[in-house]
Amino acid sequence: MNTHYKTLWMGNIEPWMTLSFLTSILNELNIFPQRIILKNPSNKRGCAFLEFNTKKQAEYILNNFNGKKINNLQLKFNRVRTLEEKYLAQKIAKFTVSIH
C-alpha cells in the first residue's frame, strides 16, 4: 500500500443516510476517521471519503471491513489515489505495450 493511502472511499451510501447516521455505523465498528466527507446526492447512491491519521489505520479498515454487513448495509471501501498517482498511472498506461 502506498504511503499516500490514508483516505478511503466508501460506497453504498443511500440518499437518506446522513453524516450522523454514517458516523454512528462506523463507531459501532470502532472505526473513527479523522475526517468524513459525505457526497450524497438526493436521488441516487452516494459515497463518502474517510480520512485516517495513518496509512496503517486505513489499511486495517480496508482489509477487515470491506464487504462486511452491518444493519443491512454492505460496507464497500477502496483506496483513494492522489492526483500525482493518477497522473503517473496515466503516463505509464500510455507507454505500456501489450503482447498477445
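Since this is a predicted model, take the numbers as computed values, not measurements.
- Contact record, L26 with F77: CD2-CZ, 4.5 Å, taken as the closest heavy-atom pair.
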Next on the checklist: side-chain contact (heavy atoms from CB on, under 4.5 Å) for I13 and L38? Distances and angles first, verdict last.
Outcome noted: CA-CA 9 Å; I13 306 297; L38 182 61; 3.7 Å; yes
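- Side-chain contact check for F52 versus Y60: every heavy-atom pair is 4.5 Å or farther apart.
- Under the ring pair (Phe, Tyr, Trp, His ring centres under 6.0 Å) criterion, F32 pairs with no residue at all, not counting sequence neighbours.
- E59 places no side-chain N or O within donor-acceptor distance of the main-chain N or O of K55, the cut-off being under 3.5 Å.
- For the atom pair CD of Q57 and NZ of K6, the computed distance is 9.0 Å after rounding to the nearest 0.5 Å.
- Between N40 and P15, the shortest heavy-atom contact is OD1-CA, 3.3 Å.
- Minimum interatomic distance between F49 and T7 (heavy atoms only, all atoms of both residues): CB-CG2, 4.2 Å.
- Rounding to the nearest 0.5 Å places CG of L50 at 8.0 Å from CD1 of I31.
- Counting only distance, with no hydrogens or angles, the side chain of N12 and the backbone of L75 share no donor-acceptor pair below 3.5 Å.
- Residue pairs meeting the salt bridge (Lys or Arg N to Asp or Glu O under 4.0 Å) criterion with at least one member in residues 65-78, sequence neighbours excluded, do not occur.
- Within the structure, every pair that satisfies the salt bridge (Lys or Arg N to Asp or Glu O under 4.0 Å) test and touches residues 29-52, not counting sequence neighbours, is listed here: E14-R45, R35-E51.
- Using a 4.5 Å cut-off on side-chain heavy atoms (C-beta onward), L22 and M17 make no contact.
- The stretch residues 16-32 participates, sequence neighbours left out, in no salt bridge (Lys or Arg N to Asp or Glu O under 4.0 Å) pair at all.
- If you take CD1 on I61 and CE on M10, they are separated by 10.5 Å, rounding to the nearest 0.5 Å.
- Between atom CG of residue L8 and atom SG of residue C47 there is a gap of 12.5 Å, rounded to the nearest 0.5 Å.
- Shown here are the side chain to side chain donor-acceptor pair (under 3.5 Å) partners of T54, two or more places apart in sequence or in another chain: there are none.
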